[in-house]
Structures are given as structure tokens and as C-alpha cells.
Amino acid sequence: MVNYTMFQLGKKDFLTFRNEWWRDEDGMRSGFAGTYTSHSIGWTHNFTQSIQIRPEIGYYRNWTQPAFDLGTRQGILLAGMDLTIRF
């Protein structure tokens with residue numbers, strides 16, 4: 001299950017909230033079996049129709065067992081940046 005909620009901040013900017021829940025009973029998707037949730041927030045800015053930047057930060061958790069940091073932690077905080085250039 002996933003929820004995306006977006007709010008337009010201006011003509012070129014919007015804010016995204018994402019919440020996700022999934023069960024990976026055999027560890028096929030993630031490498032570790034369990035019930036997972038994630039919650040993230042991101043911002044998108046379109047410089048032009050062809051150039052977009054999207055930083056995001058989120059918290060991911062396996063509620064069943066440690067599944068992050070080589071199986072030593074149940075949760076992890078991740079941050080990333082996406083730059084899209086369309087030709």
C-alpha cells in the first residue's frame with residue numbers, strides 16, 4: 001500500500017509526502033523478511049520543462065526484524081537527490 005500526497009507550492013514547485021506499508025514474507029523484495037513501513041517528504045523544483053531537481057528524506061523500518069545496515073538495525077533514515085534532464 002502506498003500513499004502519495006502532493007501540494008503545489010508555486011508554478012514550478014511542489015511538496016510530496018509518501019507513506020508506504022508492505023509485507024515481504026520471504027524477503028524476496030528486500031532481502032529480509034518482515035513488515036515494512038516508510039515515511040518520506042520531498043520537494044520538487046522544475047527549472048524548465050526539461051530540468052527537474054527532487055531532494056527527499058525518509059525513514060524506513062522493518063517491524064519484524066533488523067533489516068538495515070547488514071541486518072543490525074530495524075530502521076534507517078535515508079536522504080537522496082534526483083536530477084532529471086529530459087532530451
Side-chain angles (χ1 to χ4, degrees):
M1 231 187 307
V2 67
N3 168 57
Y4 279 95
T5 303
M6 297 178 214
F7 297 97
Q8 187 168 0
L9 301 174
K11 290 182 180 182
K12 296 184 176 191
D13 299 281
F14 62 91
L15 195 61
T16 303
F17 295 96
R18 187 185 83 227
N19 308 97
E20 188 173 11
W21 174 89
W22 76 92
R23 287 185 62 192
D24 191 356
E25 293 179 359
D26 299 319
M28 293 295 291
R29 178 179 174 191
S30 61
F32 292 88
T35 300
Y36 289 82
T37 59
S38 67
H39 307 282
S40 65
I41 183 171
W43 166 65
T44 301
H45 177 73
N46 296 294
F47 292 98
T48 67
Q49 288 183 347
S50 300
I51 302 173
Q52 178 184 80
I53 191 169
R54 191 176 58 87
E56 181 179 84
I57 188 166
Y59 181 73
Y60 297 76
R61 181 175 170 95
N62 181 323
W63 291 89
T64 311
Q65 66 173 322
F68 300 98
D69 225 1
L70 299 175
T72 62
R73 295 178 179 213
Q74 279 189 272
I76 191 168
L77 184 66
L78 292 176
M81 173 90 66
D82 179 52
L83 172 64
T84 302
I85 301 173
R86 295 178 189 92
F87 295 100

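Values below: all heavy atoms of this structure, side chains included; hydrogens, waters and symmetry mates excluded. Since we're looking at a predicted model, the values are computed, not measured.
A pairwise comparison of heavy atoms in Arg23 and Glu25 identifies NH2-OE2, 2.9 Å as the closest pair.
Lys12 places a side-chain N or O within donor-acceptor distance of the main-chain N or O of Phe47, the cut-off being under 3.5 Å.
The side-chain contact (heavy atoms from CB on, under 4.5 Å) search around Ser40 returns Arg18, Glu56, not counting sequence neighbours. In this view, Asn3 and Thr5, Asn19 satisfy the side-chain contact (heavy atoms from CB on, under 4.5 Å) rule, not counting sequence neighbours. A search for side-chain contact (heavy atoms from CB on, under 4.5 Å) contacts involving Phe14 returns Met6, Thr16, Thr44, Asn46, not counting sequence neighbours. With sequence neighbours excluded, the residues forming a side-chain hydrogen bond (donor to acceptor under 3.5 Å, both in side chains) with Trp43 are Asp13, listed by chain and number. Shown here are the side-chain contact (heavy atoms from CB on, under 4.5 Å) partners of Thr48, two or more places apart in sequence or in another chain: Ser50, Ile51. The salt bridge (charged side-chain N to carboxylate O under 4.0 Å, His left out) search around Asp26 returns none, not counting sequence neighbours.
Ile41 and Leu77 fall within a single hydrophobic cluster, where Ile, Leu, Val, Met, Phe, Trp and Tyr are joined by side-chain heavy atoms under 4.5 Å apart, directly or via other members. Residues Phe68 and Trp22 share a hydrophobic cluster, clusters being chains of Ile/Leu/Val/Met/Phe/Trp/Tyr side chains in contact below 4.5 Å. One hydrophobic cluster, built from ILVMFWY side chains closer than 4.5 Å, cannot hold both Leu15 and Val2; they sit in different ones.
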Solution key, residues 31-38 side-chain donor-acceptor pairs under 3.5 Å, sequence neighbours excluded:
unit_1 : atom_1 : unit_2 : atom_2 : d
Tyr36  : OH     : Ser30  : OG     : 2.8
Tyr36  : OH     : Phe32  : O      : 2.7
Tyr36  : OH     : Asn62  : ND2    : 3.1
Thr37  : OG1    : Trp63  : NE1    : 2.8
Ser38  : OG     : Glu20  : OE1    : 3.3

Give the table of side-chain donor-acceptor pairs shorter than 3.5 Å for residues 78-87, with sequence neighbours excluded, one pair per line with atom names and distance.
unit_1 : atom_1 : unit_2 : atom_2 : d
Asp82  : OD2    : Thr84  : OG1    : 3.1
Arg86  : NH1    : Gln49  : O      : 3.4

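Here Tyr59 contributes atom OH and His39 contributes atom NE2; the two are 9.0 Å apart, rounded to the nearest 0.5 Å.
Residue pairs that meet the salt bridge (charged side-chain N to carboxylate O under 4.0 Å, His left out) test with at least one member in residues 67-78, sequence neighbours left out, are Asp69-Arg73.
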